[in-house]
Amino acid sequence: MVVPHTHWDREWYLPFQRFRVGLVRVLDEVLNAMADDPAYRFTMDGQLAAIEDYLEIRPARRGDVARFVAEGRLAVGPWLILADEFLCSGETLLRNLEYGMRGAAALGGAMPVGYLPDQFGHCAQMPQMLALAGLRLACLWRGVPAHVDRDAFDWTGADGTTIRTGYLPGGYGNAFGLFTGPAEGMPDRVTAFVSTAEGWAAGDTLLAMYGADHSAPAREITASGLRVATLAEALTRDPADGEVPRVAGELRSHARANILPGVISARVPLKQAMARAERVLTRYAEPLSALWLADRSAGERLIDMAWRSVIACSGHDSVTGCGSDETAQQVAARIAEAGQTAQAVVDLVAASLAEAAPKGALVVVNPSPFERTGLVLADLPEDRASLADASGRAVPVQRLEHAPTLLDETVMDDLSRLLGRVHERELYGHEIVSWHAGDGVFTVTVSRHASGAYAYEDLRRAVLEAGPGPWVVRTVAEPVVTVAALVTVPPLGRAVLTARPPAPGRPAPVANTLRTDPYGFEPVLDNGLLRVRVAGDGTLSLRGADGAEVHGVGRIVHGGDAGDTYNHAPPPDDRLLDRPSRVLVEEVCAGPLTGAYEITRVYDWPAGLGDDSDETVPTAVTTRVELRAGEPFARCEITMDVRCRDHRVRWHAPLPRAAAESYAEGQFAVVRRGLAAEGGGGERPIPTFPAESFAAAGGLAVLLDHVTEYEIVRDEIGGDGTEMALTLVRSVGYLSRNRNPYRDEPAGPEVPTPAAQCQGPLAVRFAVLPYAGEWHEAGLPRLAEEFRHDLLAVSGTGAKAGDGDGPGEGGRVAISGDGVMMAALRERDGRLEVRLVAEHHTATEAVVRGDFTAAWTAGVLGSPLSPLEVSRDDVFPGDGADGQGPARSPGSWRSVRVPLNPFEIATVHLGRA
């Protein structure tokens with residue numbers, strides 16, 4: 001059965017708009033063919049975005065598209081975009097399905113197949129995500145393991161969901177050659193195709209995918225005598241019966257096709273920007289606007305715009321970085337705009353919260369659905385450099401630094417020029433408090449939040465009365481000190497803190513405060529949960545409260561890269577360099593709440609591959625290691641100015657104990673991986689893997705703020721792993737090399753990509769901790785949640801304290817349960833929608849508490865599935881007289897319990913009956 005189709009990369013070796021010109025030409029041909037021939041069928045690559053891109057240019061053809069979709073001849077969706085499944089969050093993948101299926105429904109209906117033709121491997125939760133959207137069939141090419149010897153298999157996701165999956169031996173263009181020769185040769189070409197495909201057939205029908213990249217199938221296919229169908233018709237007309245191979249979990253095998261694993265580490269700044277945009281959108285803009293904004297009309301539109309941009313940038317040739325430099329620049333700009341749009345919504349929430357709190361107050365918001373105690377930074381007046389909660393209890397603070405008081409000094413002959421700098425009360429971003437003229441100096445005192453009477457006319461009169469100059473005009477800020485405050489905030493709630501003069505006596509008690517070496521002989525940070533010592537070579541020694549210990553953490557290793565954006569490949573004479581020429585350790589701060597050291601190591605690295613000289617580039621790699629009160633992990637930020645070319649720089653840490661496997665979180669699952677990858681498809685199966693929020697092996701875990709490439713390194717072939725390596729940066733100069741030592745065939749055109757060398761400033765953040773036992777016993781999902789999602793601090797701007805809950809009745813939901821994580825929270829059709837995932841190795845139960853009277857499960861598209869039993873809940877985190885949580889009458893809260901299998905995703909709607 002012939003399936004006419006195209007595979008359409010929205011952007012790749014050409015940027016989006018240049019590819020779109022070709023899209024218009026191709027779809028013009030297809031729609032004209034469909035109009036002329038009722039037997040013609042076409043499958044649009046599983047993604048709706050290409051149809052939307054086309055209709056922006058050809059809006060008059062929307063009726064044709066809708067008619068052909070309704071007739072079942074044109075298959076569109078179910079995705080909005082063909083995303084890389086490892087370089088975006090699981091929530092982004094679900095929203096991709098939601099937008100794609102909703103948009104396709106408006107045109108007549110989405111193709112009921114989870115078509116994944118060209119992604120570079122497939123994540124472990126894809127079967128469950130497709131099933132949640134009502135899709136029980138998938139079809140794909142890459143990543144299939146060697147034991148799959150049929151064109152159909154049963155694919156089981158991390159939670160146990162199983163869907164029937166069509167496999168495309170030879171790829172999505174396996175029948176492209178059927179129609180490329182003279183008509184009289186057709187029978188021979190069909191015979192050749194059948195002889196190749198018959199050995200794969202799990203049913204009676206052979207699936208002939210007739211299509212290629214960026215081209216339209218020939219019109220004469222319907223006259224060939226072969227059956228023509230859409231992909232959905234082909235897969236549902238003759239389903240494979242009986243036994244088929246079974247595959248569980250992610251599909252990252254190299255056995256049947258290359259999966260191009262180097263895209264995980266190509267153009268690292270793109271991956272960082274994507275993670276930031278997703279985080280701001282999913283965990284701040286969307287949930288906080290639902291909980292705290294009274295008027296969400298503007299925010300809802302902005303959130304929709306941000307989601308569309310994020311989803312578009314998740315494309316398998318977009319965030320991957322395996323396109324041209326022009327394409328990468330445009331992707332970076334769109335990701336930045338998506339993040340800025342989401343941040344605009346956060347700004348709306350922050351302004352609303354600020355207006356409900358008095359000037360000088362600090363409003364701290366918790367983005368997590370459980371109570372958090374964490375650090376926030378605040379700039380306080382020197383004479384009020386302490387904080388108290390709503391009950392008057394002292395909040396622990398640590399003084400960090402003073403802000404400069406002299407903001408500007410200028411000589412003016414005409415003092416009236418000063419008035420041009422003043423905007424009502426604002427001057428240099430501050431508010432005017434007072435002014436004074438004397439001895440040729442006119443001094444203006446400003447404050448971040450001024451109080452007291454002020455009139456612009458009084459200032460103007462003083463300037464005019466001062467007389468002719470020259471005058472020295474000084475702008476002086478009231479003394480301000482930056483403090484770190486340790487704040488406890490209820491689930492998805494807020495705490496309002498008031499600045500006040502420091503009180504004499506003992507400071508507020510703090511659990512797990514930092515302790516330093518009393519003799520100052522060595523750089524040590526210790527909070528009772530973790531001890532960190534900086535060694536002479538700049539590496540770290542870590543010892544946890546559970547006895548887990550590791551030394552030599554943070555070795556920086558430099559090696560060459562003769563590969564491209566798709567595949568890392570070391571040069572034949574690669575030298576791994578890990579010894580710095582000098583090391584400098586400086587204390588940044590030391591106190592009860594936070595302590596930090598800055599470790600600078602200078603290396604002499606080769607300037608690039610293929611240089612005639614032995615030129616080296618001195619490169620300073622600075623690691624800031626910070627330990628905070630109450631945290632069992634050390635925060636690390638590594639910065640460097642990348643000036644070398646064609647290289648890979650990795651951070652290494654020994655494992656406390658040898659490991660035969662690793663665990664990595666990503667896309668709603670914690671995936672167990674061995675130390676090797678299955679090969680056989682013309683690509684070197686190097687054991688580098690992606691991790692989204694953490695990777696762990698042998699008692700060592702790293703908590704990540706963006707999808708990061710990691711490897712468990714073995715001392716010898718076949719042995720257990722002894723080190724973990726994280727890729728900090730990978731620098732290459734070609735989109736694809738025709739001759740890549742680690743790949744048999746080109747993965748694309750050999751286009752130079754000098755910007756993929758990623759030269760310039762680079763900063764990478766993560767946290768590290770040793771642990772005894774297993775990953776789930778260490779609570780890694782919860783620790784990653786706390787590391788990735790900072791408390792939000794906002795300065796009050798109102799005239800007086802807010803009443804009750806403030807706008808939007810925030811803090812209406814709390815979630816608990818072993819390993820239960822909140823992936824998203826938003827308002828949907830007047831209800832709160834909460835996405836839960838059980839990142840736990842055994843069955844668990846989510847308990848959702850809040851201000852609702854009815855609850856039910858829902859599908860990806862928002863349709864209700866089944867009601868949940870709601871019970872009265874007399875205790876809610878944050879209740880009470882301390883003012884940190886919303887005050888409620890006894891028994892006004894409700895709770896609902898949701899049983900969850902390991903790694904099950906559940907969408908719950910909360911509302912009123």
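Predicted model, so just to flag it, every value in this text is computed and none were measured. All values below were derived from every heavy atom in this structure, side-chain atoms included, with hydrogens, water molecules and symmetry-related copies excluded. All residue numbers refer to positions in the sequence shown, counting from 1.
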- prompt: Can you list the residues that meet the side chain to side chain donor-acceptor pair (under 3.5 Å) rule with Gln343, with sequence neighbours excluded?
  reply: Asp347
field: Which residues share a salt bridge (Lys or Arg N to Asp or Glu O under 4.0 Å) with Arg276, sequence neighbours left out
entry: none
- prompt: Does Asp295 use its side chain to pair, donor to acceptor, with the backbone of Ser297 at less than 3.5 Å?
  reply: yes
- prompt: Residues in salt bridge (Lys or Arg N to Asp or Glu O under 4.0 Å) with Glu426, at least two apart?
  reply: none
field: Straight-line distance of Leu94 CG to Gln128 CD, nearest 0.5 Å
entry: 8.5 Å
- prompt: Side-chain contact, heavy-atom cut-off 4.5 Å: Leu836 with Ile905?
  reply: no
- prompt: Looking at Val280 and Ala342, what are the two nearest heavy atoms and their distance?
  reply: CG1-CB, 3.7 Å
query: By side-chain contact (heavy atoms from CB on, under 4.5 Å), which residues pair with Ala105, not counting sequence neighbours?
result: none
- prompt: Do any N or O atoms from the side chain of Ser352 and from the backbone of Leu293 form a donor-acceptor pair under 3.5 angstrom?
  reply: no
Table please: side-chain donor-acceptor pairs of residues 854-870 below 3.5 Å, with sequence neighbours left out.
unit_1 : atom_1 : unit_2 : atom_2 : d
Thr857 : OG1    : Ser866 : N      : 3.2
Thr857 : OG1    : Ser866 : O      : 3.3
Thr857 : OG1    : Ser866 : OG     : 3.0

- prompt: How would you list, by chain and number, every residue that makes a side-chain contact (heavy atoms from CB on, under 4.5 Å) with Thr708, sequence neighbours excluded?
  reply: Leu704, His706, Leu726
task: With sequence neighbours excluded, give me every side chain to side chain donor-acceptor pair (under 3.5 Å) pair touching residues 102-113.
output: Glu98-Arg102
task: State, to 0.1 Å, how close Ala669 and Ala158 come at their nearest heavy-atom pair, and which atoms those are.
output: CB-CB, 4.0 Å
message: Please determine whether salt bridge (charged side-chain N to carboxylate O under 4.0 Å, His left out) holds for the pair Glu692 and Lys271, giving the CA-CA distance in whole Å, both sets of side-chain angles, and the decisive distance to 0.1 Å.
response: CA-CA 10 Å; Glu692 184 179 356; Lys271 281 64 173 176; over 6 Å; no
- prompt: Is there a side-chain contact between Glu833 and Leu825 (heavy atoms, below 4.5 Å)?
  reply: no
If you look only at distance, which donor and acceptor atoms sit under 3.5 Å apart when one is on a side chain in residues 80-88 and the other is two or more places apart or in another chain?
unit_1 : atom_1 : unit_2 : atom_2 : d
Asp84  : OD1    : Phe86  : N      : 2.9
Asp84  : OD1    : Leu87  : N      : 3.1
Glu85  : OE1    : Cys123 : N      : 2.9
Glu85  : OE2    : His122 : ND1    : 2.7

message: Set out, in order, the CA-CA distance, both residues' side-chain angles and the distance that settles side-chain contact (heavy atoms from CB on, under 4.5 Å) for Leu492 and Val365, then state yes or no.
response: CA-CA 7 Å; Leu492 292 166; Val365 181; over 6 Å; no
query: salt bridge (charged side-chain N to carboxylate O under 4.0 Å, His left out) between Glu845 and Arg897: does it pass, once the steps are laid out?
result: CA-CA 7 Å; Glu845 182 180 64; Arg897 298 178 179 272; 3.1 Å; yes
- prompt: Are Asp705 and Arg788 close enough for a salt bridge, meaning some N to O gap below 4.0 Å?
  reply: no
message: Are Arg372 and Thr488 packed together at the side-chain level, in the sense that at least one heavy-atom pair is separated by less than 4.5 angstrom?
response: no
message: What's the separation between atom CE in Met111 and atom CG in Leu48, rounded to the nearest 0.5 Å?
response: 11.0 Å
- prompt: Does a donor on one side chain sit under 3.5 Å from an acceptor on the other, for Glu355 and Thr797?
  reply: no
field: For Pro781, all residues meeting side-chain contact (heavy atoms from CB on, under 4.5 Å), sequence neighbours excluded
entry: Phe694, Trp775, Met821, Glu839
message: What I'd like to find out is whether the side chain of Val310 reaches to under 4.5 Å of the side chain of Glu278, using heavy atoms alone.
response: yes
- prompt: Do the side chains of Met274 and Ser314 get nearer than 4.5 Å, heavy atoms only?
  reply: yes
message: Is the positively charged end of Arg912 above the ring of Phe852, judged by distance under 6.0 angstrom from the centroid and angle within 45° of the axis?
response: no
field: Side-chain donor/acceptor of Arg894 to backbone N/O of Val848, under 3.5 Å
entry: no
- prompt: Does some side-chain heavy atom of Leu135 sit less than 4.5 Å from a side-chain heavy atom of Leu97?
  reply: yes
statement: Here the gap from Leu900 atom CG to Asp159 atom CG, rounded to the nearest 0.5 Å, amounts to 10.0 Å
message: Return the CZ to CZ distance between Arg10 and Phe16, rounded to the nearest 0.5 Å.
response: 4.5 Å
message: Using the side-chain contact (heavy atoms from CB on, under 4.5 Å) criterion, which residues pair with Thr341? Sequence neighbours excluded.
response: Leu302, Met305, Ala306, Glu337
- prompt: Just how far is it from atom CD1 of Ile163 to atom CG of Leu130, taken to the nearest 0.5 Å?
  reply: 4.5 Å
message: To check you understand the geometry: which heavy-atom pair defines the closest contact between Pro287 and Leu281, and what is its length?
response: CD-O, 4.2 Å
query: Taking side chain as C-beta onward, heavy atoms only, is Leu291 less than 4.5 Å from Leu832?
result: yes
message: Is it the case that the side chain of Glu286 and the backbone of Arg826 share a donor-acceptor pair, with hydrogens and angles ignored and the cut-off at 3.5 Å?
response: no
query: Is any NZ, NE, NH1 or NH2 atom of the basic residue among Lys359 and Glu431 found under 4.0 Å from an Asp or Glu carboxylate oxygen of the other?
result: yes
- line: Here the pair of heavy atoms bringing Arg136 nearest to Ala131 is NH1-CB, 3.2 Å
- prompt: Looking at side-chain heavy atoms only, is the closest gap between Leu703 and Ser693 below 4.5 Å?
  reply: no
message: Check whether Asn901 reaches the backbone of Glu904 with its side chain - one donor and one acceptor, N or O, closer than 3.5 Å.
response: no
message: Check the orientation of His789 and Tyr284. Use parallel for under 30°, tilted for 30 to 60°, and perpendicular for over 60°.
response: tilted
- request: Mind checking the CZ-CG spacing from Arg494 to Leu353? Nearest 0.5 Å is all I need.
  value: 6.5 Å
field: Between Thr907 and Arg835: side-chain donor-acceptor atoms closer than 3.5 Å
entry: yes
- prompt: Just by distance, with hydrogens left out, do Thr482 and Asp379 show a side-chain donor and acceptor under 3.5 Å apart?
  reply: yes
message: If we check side-chain hydrogen bond (donor to acceptor under 3.5 Å, both in side chains) with Ser318, which of these qualifies: Glu11, Gln330, Arg334?
response: Glu11
- request: Locate the shortest heavy-atom distance separating Val670 from Phe903; write the atom from each residue and the value.
  value: N-CE2, 3.4 Å
- prompt: Under 3.5 Å, is there a donor-acceptor pair between the side chain of Gln119 and the main chain of His316?
  reply: no
- prompt: Can a salt bridge be assigned to the pair Glu786 and Arg782 using a cut-off of 4.0 Å between side-chain N and carboxylate O?
  reply: yes
query: Quick one: salt bridge (Lys or Arg N to Asp or Glu O under 4.0 Å) partners of Arg628, sequence neighbours excluded?
result: Glu626
- line: When every non-hydrogen atom of Asp389 is compared with those of Leu497, the smallest separation belongs to CA-CD2, 3.8 Å
- prompt: Hey, are Glu91 and Arg283 close enough for a salt bridge, meaning a charged N less than 4.0 Å from a carboxylate O?
  reply: no
With His840 via ring pair (Phe, Tyr, Trp, His ring centres under 6.0 Å) - residues at least two apart: none
